[in-house]
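Since the structure is predicted, the reported quantities are computational estimates derived from the model, not experimental observations.
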Amino acid sequence: MTLEPFGARLRHAMDTRGPLCVGIDPHSSLLTSWGLNDDVAGLERFTRTVVEALADRVAVLKPQSAFFERFGSRGIAVLEKAVEEARAAGALVLMDAKRGDIGSTMGAYAATYLDKDSPLFSDAVTVSPYLGFGSLRPALDAAAVSGAGVFVLALTSNPEGAEVQRATVADGRPLAQVMLDHLAAENAGATPLGSVGAVVGATLGDTGVDLSVNGPLLAPGIGAQGATPADLPRVFGAAVRNVVPSVSRGVLRHGPDASGLREAAGRFADEVRTAVPES
């Protein structure tokens, strides 16, 4: 049975649970700060704690696949369970995998994250378009079939990204704008929100691009990277209501106590509600 389109499900989740995405980033320093070993048992304890604390209340949980992959098949098994349990508790799961390739290989990535029969099926996945936007077609098509979403890297929060993303093409547009224009075309006519989103860093200040893509805008950089919810209207302008602010360490550092995680996530959600108008 095909799900309702991701954009509609995300709009509902943000309107009812608040516009916040919390990353699940079990890197070694966080495991250590929680008093856990940097091994599969520590990974499992960390991940289970975050899912149990937050999946019933935040709109989106975003596991970073690399931190699970580093433990091989046992780490992937932890990730599979986290995806299943988070979705069962009502959170949308955005797999932060940033996959990018061509042809059948991109098709295999799409099957991994966007096929309903896959153990890693997620509500959405991050992808890289810098082999050409057309290289993403297998993922875009698979997402449309399953009711999932795709978040395309556009203007990322890392300083190195500018050498590619702000490079100009023959007609004078920055490459990031080219990608955003493709997204707008994919989302044309979708209501209440398209299912193809962009990743745009909350730390960027004036983006210098048109963000009116009729789709969600994932905004990493809140918290430890220096951006605050109060920065969102300045960075995203008229598109701010479609922003999905993403915070990881700003919440996760309050573990391992579940109440600390919930309180931190609640504070960020309240700050976003204050900063971002409802209409």
Side-chain angles (χ1 to χ4, degrees), residues 21-34 36-55 60-88 91-131 135-136 138-139 142-143 146 148-153 156-158 160-161 197 199 201 218 220-221 224-225 246-249 251-253 255-256 261:
C21 168
V22 177
I24 306 178
D25 295 1
H27 51 76
S28 58
S29 62
L30 262 177
L31 295 179
T32 299
S33 73
W34 278 34
L36 300 172
N37 291 331
D38 187 20
D39 56 19
V40 173
L43 173 75
E44 185 173 20
R45 177 71 177 274
F46 178 97
T47 306
R48 183 174 66 250
T49 299
V50 176
V51 170
E52 290 179 352
L54 300 179
V60 182
L61 285 175
K62 180 175 68 67
Q64 169 47 258
S65 180
F67 290 117
F68 296 85
E69 293 172 29
R70 69 194 182 102
F71 292 105
S73 61
R74 294 175 66 195
I76 295 298
V78 173
L79 180 58
E80 290 176 2
K81 187 173 182 63
V83 170
E84 178 184 8
E85 293 183 349
R87 298 188 73 236
L92 298 177
V93 172
L94 167 55
M95 184 65 69
D96 195 359
K98 299 184 178 71
R99 299 305 194 224
D101 216 300
I102 61 172
S104 60
T105 306
M106 192 67 216
Y109 284 136
T112 301
Y113 303 111
L114 301 171
D115 186 320
K116 296 190 302 295
D117 294 327
S118 169
L120 284 172
F121 174 69
S122 302
D123 296 284
V125 65
T126 56
V127 297
S128 174
Y130 294 107
L131 288 173
S135 69
L136 301 180
S146 63
V150 173
F151 282 87
V152 178
L153 302 182
T156 54
S157 56
N158 61 308
E160 304 89 347
V199 180
L218 181 69
Q225 293 186 45
S246 181
V247 59
S248 297
R249 284 172 289 174
V251 169
L252 300 177
R253 67 183 178 85
L261 295 170

For residues 117-125, tabulate all N or O donor-acceptor pairs below 3.5 Å that involve a side-chain atom, not counting sequence neighbours.
{"unit_1": "S118", "atom_1": "OG", "unit_2": "T112", "atom_2": "O", "d": "2.5"}
{"unit_1": "S118", "atom_1": "OG", "unit_2": "L120", "atom_2": "N", "d": "3.1"}
{"unit_1": "S122", "atom_1": "OG", "unit_2": "L120", "atom_2": "O", "d": "3.0"}
{"unit_1": "D123", "atom_1": "OD1", "unit_2": "R9", "atom_2": "NH1", "d": "2.6"}
{"unit_1": "D123", "atom_1": "OD1", "unit_2": "R87", "atom_2": "NE", "d": "3.4"}
{"unit_1": "D123", "atom_1": "OD1", "unit_2": "R87", "atom_2": "NH2", "d": "3.2"}
{"unit_1": "D123", "atom_1": "OD2", "unit_2": "R87", "atom_2": "NE", "d": "3.0"}
{"unit_1": "D123", "atom_1": "OD2", "unit_2": "V93", "atom_2": "N", "d": "2.8"}

- prompt: Under the side-chain contact (heavy atoms from CB on, under 4.5 Å) test, which residues partner A142, sequence neighbours left out?
  reply: A110, L114
- prompt: Does S33 have any side-chain contact (heavy atoms from CB on, under 4.5 Å) partners at least two apart in sequence or in another chain, and if so, which?
  reply: L30
For residues 22-29, dump all side-chain donor-acceptor pairs below 3.5 Å to protein atoms at least two apart in sequence or in another chain.
{"unit_1": "D25", "atom_1": "OD2", "unit_2": "S248", "atom_2": "OG", "d": "3.3"}
{"unit_1": "H27", "atom_1": "ND1", "unit_2": "S29", "atom_2": "OG", "d": "2.8"}

- request: Not counting sequence neighbours, list each pair that qualifies as a salt bridge (Lys or Arg N to Asp or Glu O under 4.0 Å) and has a residue in residues 36-47.
  value: D38-R70
Looking only at heavy atoms, what is the nearest atom pair of [X] and [Y], with distance?
X: A53; Y: L261; answer: CB-CD1, 4.0 Å
X: V50; Y: L252; answer: CG2-CD2, 3.8 Å
X: L61; Y: A86; answer: CD1-CB, 3.9 Å

- request: With sequence neighbours left out, write down each residue that passes ring-ring contact (aromatic ring centres under 6.0 Å, His included) with F68, or none if nothing qualifies.
  value: none
statement: Residues passing the ring-ring contact (aromatic ring centres under 6.0 Å, His included) test with F46, sequence neighbours excluded, are W34
message: Is it true that, when you exclude E80 itself, more than 12 heavy atoms of the residues, nucleotides or ligands shown sit nearer than 6.0 Å to its CD?
response: yes
task: Mark yes when over 12 heavy atoms from residues, nucleotides or ligands other than R48 sit less than 6.0 Å from its CZ; otherwise mark no.
output: yes
- prompt: Mind checking whether R74 and L43 have side chains closer than 4.5 Å, heavy atoms only?
  reply: no
- prompt: What distance do L31 atom CG and F67 atom CZ have between them, rounded to the nearest 0.5 Å?
  reply: 9.5 Å
message: Rounded to the nearest 0.5 Å, what separates atom CD1 in I76 from atom NZ in K81?
response: 15.5 Å
query: In chain order, what residues pass the side chain to side chain donor-acceptor pair (under 3.5 Å) check against S246, with sequence neighbours excluded?
result: none
- line: For S157, the side chain to side chain donor-acceptor pair (under 3.5 Å) test, sequence neighbours excluded, returns Q225
Could you tabulate the donor-acceptor pairs under 3.5 Å formed by side-chain atoms of residues 96-108, not counting sequence neighbours?
{"unit_1": "D96", "atom_1": "OD1", "unit_2": "K98", "atom_2": "NZ", "d": "2.7"}
{"unit_1": "D96", "atom_1": "OD1", "unit_2": "T126", "atom_2": "OG1", "d": "2.9"}
{"unit_1": "D96", "atom_1": "OD2", "unit_2": "K62", "atom_2": "NZ", "d": "3.1"}
{"unit_1": "D96", "atom_1": "OD2", "unit_2": "Q64", "atom_2": "NE2", "d": "3.3"}
{"unit_1": "D96", "atom_1": "OD2", "unit_2": "K98", "atom_2": "NZ", "d": "3.1"}
{"unit_1": "R99", "atom_1": "NE", "unit_2": "Y113", "atom_2": "OH", "d": "3.4"}
{"unit_1": "R99", "atom_1": "NH1", "unit_2": "A97", "atom_2": "O", "d": "3.3"}
{"unit_1": "R99", "atom_1": "NH2", "unit_2": "E69", "atom_2": "OE2", "d": "2.8"}
{"unit_1": "R99", "atom_1": "NH2", "unit_2": "Y113", "atom_2": "OH", "d": "3.0"}

message: If you apply the rule side chain to side chain contact (heavy atoms under 4.5 Å, CB included), what do you find for M95 with L79, and how did you get there?
response: CA-CA 10 Å; M95 184 65 69; L79 180 58; 3.9 Å; yes
